[in-house]
Amino acid sequence: FFISLGVGYFLASNGMSSIIVASNTIYGIKDSGFFKRRLKAIMMSFIMLGLFLFLFIVPVCGDTIFALLRYYLEDFKPIEIIYQIYQLLKYPIIIFILYGNIRLLYTIAPDEKVASITTRKGAIFTTIGWVLATEIYSFYIGTFASYSIFYGSISNILVLLLWVYILSYIFVLGMSLNAGEYHLKQQENIE
């Protein structure tokens, strides 16, 4: 069990390894060794897995979870207060957690030290893009998703993969914004 879990997680870190290679290419940095990149990719995989789980649980499924809780715990009065607090703090918490973790990923992805100040614009762009894409995905799933009638449960996986693809595309665009900022800072330092 532990061997297959370790091998599975090692293979799953290929996505983060690709992000490291992409960031090195975008920034124009020479790649470090395989083992250093793989160790960094495994560490980054934990951060990204946490972000995707957070995005899926809070914005996508949060209202459904509270609807179920309100249905099954209708006699429990504090659930309404907790739901109101959730509705009030949902977006500030989502934005704060996403921004901090995305900025961390942008800072540690390249194999060369990148100043955290140069990752601000890309992290803001990616955070806003991820929140918007997740809200659109959540709205689509809750309103229009009826592919399962025709294609079965595999359609849910395809729509989920489309969501992950869009989030990945936004992530790389944010990284490109950061690389532009990084190169501007380097030119200012030379002059």
Side-chain angles (χ1 to χ4, degrees), residues 12-13 15-29 40-41 43-67 82-110 112-145 156-188:
S13 69
M16 290 298 107
S17 181
S18 297
I19 286 177
I20 294 169
V21 170
S23 69
N24 289 339
T25 303
I26 290 171
Y27 280 91
I29 298 171
K40 189 190 306 186
M43 182 180 67
M44 288 173 60
S45 294
F46 283 115
I47 297 169
M48 190 63 84
L49 178 65
L51 278 176
F52 278 142
L53 286 175
F54 175 76
L55 271 178
F56 191 74
I57 291 172
V58 176
V60 174
C61 299
D63 291 332
T64 306
I65 291 170
F66 269 107
I82 294 170
Y83 179 70
Q84 295 300 324
I85 293 170
Y86 165 77
Q87 287 296 328
L88 183 67
L89 297 178
K90 179 168 79 168
Y91 290 108
I93 289 172
I94 289 170
I95 289 171
F96 178 74
I97 290 174
L98 278 179
Y99 176 76
N101 284 300
I102 289 170
R103 194 164 176 186
L104 176 66
L105 285 172
Y106 281 154
T107 303
I108 64 175
E112 192 174 285
K113 185 173 173 133
V114 175
S116 181
I117 192 96
T118 61
T119 62
R120 186 180 51 230
K121 289 180 184 175
I124 290 171
F125 171 80
T126 303
T127 300
I128 292 170
W130 278 21
V131 169
L132 290 175
T134 302
E135 285 301 315
I136 291 169
Y137 172 74
S138 176
F139 177 74
Y140 176 77
I141 291 298
T143 308
F144 298 112
N156 295 330
I157 295 171
L158 294 175
V159 174
L160 178 70
L161 288 176
L162 177 66
W163 174 65
V164 170
Y165 175 77
I166 291 169
L167 294 182
S168 301
Y169 199 76
I170 293 169
F171 189 82
V172 172
L173 285 174
M175 191 182 309
S176 297
L177 286 172
N178 292 338
E181 183 78 17
Y182 173 78
H183 292 301
L184 284 174
K185 291 280 186 194
Q186 279 190 331
Q187 286 179 351
E188 288 175 4

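Side-chain atoms are counted along with the backbone in the values below, which use heavy atoms only and exclude waters and symmetry mates. Because the structure is a prediction, the values reported are computed rather than measured.
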* To do: Please work out whether the ring planes of Tyr137 and Trp163 are parallel, tilted or perpendicular, with thresholds of 30° and 60°.
  => parallel

Under 4.5 Å between any side-chain heavy atoms of [X] and [Y], yes or no?
{"X": "Asp63", "Y": "Lys90", "result": "yes"}
{"X": "Val114", "Y": "Tyr106", "result": "no"}
{"X": "Phe56", "Y": "Leu160", "result": "yes"}
{"X": "Thr119", "Y": "Leu105", "result": "no"}
{"X": "Ile94", "Y": "Thr134", "result": "no"}
{"X": "Ile102", "Y": "Trp130", "result": "yes"}
{"X": "Leu161", "Y": "Tyr165", "result": "no"}
{"X": "Tyr99", "Y": "Arg103", "result": "yes"}

* Polar side-chain atom of Lys40 near backbone of Met16 as donor-acceptor pair, under 3.5 Å -> no

* **Residues forming a salt bridge (Lys or Arg N to Asp or Glu O under 4.0 Å) with Lys185, sequence neighbours excluded** => none

Find the distance between [atom1] ([X]) and [atom2] ([Y]) and round it off to the nearest 0.5 Å.
{"X": "Ser13", "Y": "Leu49", "atom1": "OG", "atom2": "CG", "result": "12.0 Å"}
{"X": "Thr118", "Y": "His183", "atom1": "OG1", "atom2": "NE2", "result": "10.0 Å"}
{"X": "Leu167", "Y": "Met48", "atom1": "CG", "atom2": "CE", "result": "9.0 Å"}
{"X": "Ile19", "Y": "Met44", "atom1": "CD1", "atom2": "CE", "result": "5.5 Å"}
{"X": "Asn178", "Y": "Met175", "atom1": "CG", "atom2": "CE", "result": "8.0 Å"}
{"X": "Tyr182", "Y": "Tyr27", "atom1": "OH", "atom2": "OH", "result": "8.0 Å"}

* Does CZ in Phe52 sit with more than 12 non-hydrogen atoms of other residues, nucleotides or ligands closer than 6.0 Å? -> yes

Looking at every heavy atom in both [X] and [Y], which two are closest together, and how far apart are they?
{"X": "Ala41", "Y": "Ser17", "value": "CB-N, 3.6 Å"}
{"X": "Thr127", "Y": "Ile95", "value": "CG2-O, 3.8 Å"}
{"X": "Ala109", "Y": "Ile20", "value": "O-CG2, 3.4 Å"}
{"X": "Leu177", "Y": "Gly122", "value": "CB-CA, 4.2 Å"}
{"X": "Ile170", "Y": "Ala133", "value": "CD1-CB, 4.1 Å"}

* Asked: Under 3.5 Å, is there a donor-acceptor pair between the Tyr91 and Glu135 side chains?
  -> yes

* Show your working on side-chain contact (heavy atoms from CB on, under 4.5 Å) between Ile47 and Ile108 and close with a plain yes or no. => CA-CA 11 Å; Ile47 297 169; Ile108 64 175; 4.3 Å; yes

